[in-house]
Undergrad: 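What follows is a structure written as structure tokens; I'll ask about it next.
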Amino acid sequence: MEIEGFLTRISAELDGEYRLFRAPGRVNLIGEHTDYNDGFVLPAAIDREVLLAARPGRARDVTLHALDCDGYSAFSLDEIGYDTAESWSNYLRGVCYVLEEADYHLRGADIVFAGDVPIGSGLSSSAALEVAAALAFLTLAEYDVPGPEIARLCQRAENAFVGNRCGIMDQFISVLGQPGHALLIDCRTLDYQPYPIPAGVRIVIGDTGVRRGLVESAYNERREQCEAGVAILEKVLPGINALRDVLPTQLEAHRDLLPEIVYRRCRHVVSENARVLQAVKAMAAGDLPELGRLLNASHDSLRGDYAVSCPELDALVEIARRQPGVYGSRMTGAGFGGCTVSLVAKEHAEAFVAAVGPAYTTATGLHPQIYVCQASAGAEEVELEHLV
Ligand code: GLA
């Protein structure tokens with residue numbers, strides 16, 4: 001986001017000493033619905049972010065101002081309640097709550113923030129807000145906390161305070177993203193390894209414009225189906241703790257034990273984990289056709305076995321795949337609307353962006369946002385003196 005514009009917007013409000021933090025949204029290249037199965041993911045942080053200015057407040061008092069919706073909320077760190085009126089504030093309240101609970105002693109703060117990660121589009125605007133808030137509160141209280149730990153705390157804020165059972169991918173990549181790279185993350189050990197985005201390719205995001213309310217309940221249902229699969233399979237595969245531990249051959253061997261729907265959910269997760277590991281090999285070898293094939297296979301598995309796509313995502317993916325220079329296209333994020341990600345040869349990217357929007361409008365009557373994104377750095381404090 002444009003920093004100077006943000007500073008101009010907040011200048012009337014935050015006079016004196018404030019510090020500025022940024023945290024990005026993300027696009028996941030492959031590895032969908034694998035993080036909460038202890039599996040592998042391959043996301044990149046993107047050049048859409050939350051900017052958050054914070055200055056020390058009075059004692060333990062926190063004031064929050066969300067510029068984009070002109071919302072205000074205030075609370076004391078000694079009594080952090082859930083705010084039903086200003087629901088956006090619960091991401092920040094939740095962060096304070098889990099940090100205090102984990103024995104970080106925070107100080108009060110006045111906070112103003114804005115962002116350009118489209119809300120509810122599957123690009124992790126909420127994780128970006130949590131991570132920006134965590135970094136701000138920890139920095140103001142003079143704590144230096146390792147990135148994976150910040151990610152874990154932010155995930156806990158969302159799980160325990162906001163009430164979404166998300167995995168750790170979004171918060172992790174928002175903290176630890178690297179410019180020009182995607183990160184292979186092992187969501188069990190939290191080990192990670194950067195993989196450069198091949199020079200000849202562009203990552204193009206397509207926002208279907210569809211936002212569906214059922215995402216949360218469907219997401220939790222998928223998690224429960226995965227857990228049900230593990231509960232059955234561990235009787236014949238002792239020692240497994242998650243679908244991460246199940247090989248495709250083992251799943252096939254015990255298919256008869258599983259209800260059909262549970263089997264299909266498991267087949268997605270088990271095959272998707274294998275695809276992520278194949279994808280990083282293809283990336284390292286510069287084999288873009290193979291990488292694209294894996295993205296396509298991921299979408300087909302999410303649509304068929306995992307049943308988290310929707311007609312608009314399928315339409316956008318189909319249109320994308322028909323364009324010249326496209327290696328692969330799939331839905332990204334939790335599904336049921338939101339965005340697609342396409343890998344497009346650099347020289348075709350501009351024509352792709354121009355062609356896909358009108359074709360999607362003809363097919364659906366909706367107006368999508370199509371844009372090339374850059375893999376960006378994870379969250380950080382922005383040094384203000386560099387700006388003047
Ligand atoms: C959402 C969740 C993530 C992950 C994806 C699906 O973005 O927040 O933890 O589970 O869905 O891959």
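Atoms within a ligand are numbered from 1 in the order they appear, just like the ligands themselves.
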Undergrad: Out of Asp170, Asn159, Val41, indicate the one that has the non-hydrogen atom closest to atom 8 (O) of ligand 1.
TA: Asp170
Undergrad: So, Glu252 versus Tyr263: side-chain donor-acceptor pair below 3.5 Å or not?
TA: yes
Undergrad: May I ask you to check if ligand 1 and Gly167 share an N or O to N or O distance below 3.5 Å?
TA: yes
Undergrad: Tell me yes or no: between the side chains of Arg267 and Ser271, is some donor less than 3.5 Å from an acceptor?
TA: no
Undergrad: With no hydrogens and no angle check, just 3.5 Å: does a side-chain donor-acceptor pair link Ser376 and Asp47?
TA: no
Undergrad: Has ligand 1 got any nitrogen or oxygen that is less than 3.5 angstrom from a nitrogen or oxygen of Tyr219?
TA: yes
Undergrad: Is the distance between the ring centroids of Tyr219 and His33 under 6.0 Å?
TA: yes
Undergrad: May I ask you to check if ligand 1 and Ser124 share an N or O to N or O distance below 3.5 Å?
TA: no
Undergrad: Do Arg330 and Ser298 get their side chains close enough for a donor-acceptor pair, meaning under 3.5 Å?
TA: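 Looking only at side-chain atoms, Ser298 and Arg330 do form a donor-acceptor pair, the distance falling under 3.5 Å.
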Undergrad: Within the side chain of Tyr91, is there an N or O that forms a donor-acceptor pair under 3.5 Å with the backbone of Ala128?
TA: no
Undergrad: Which atoms of ligand 1 are found less than 4.0 Å from any heavy atom of Arg26?
TA: 7 (O)
Undergrad: Backbone or side chain, does any N or O of Asp35 fall under 3.5 Å from an N or O of ligand 1?
TA: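 In this structure, Asp35 places an N or O atom under 3.5 Å from an N or O of ligand 1.
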Undergrad: Looking just at side-chain N and O atoms, do His65 and Asp110 make a donor-acceptor pair shorter than 3.5 Å?
TA: no
Undergrad: Any idea which atoms of ligand 1 are less than 4.0 Å away from a heavy-atom of Met169?
TA: 4 (C), 5 (C), 12 (O)
Undergrad: Is it the side chain, the backbone, both or neither of Met331 that has a heavy atom closer than 4.0 Å to ligand 1?
TA: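 Neither part.
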Undergrad: Would you mind running through ligand 1 and noting each atom that sits below 4.0 Å from a heavy atom of Tyr36?
TA: 10 (O)
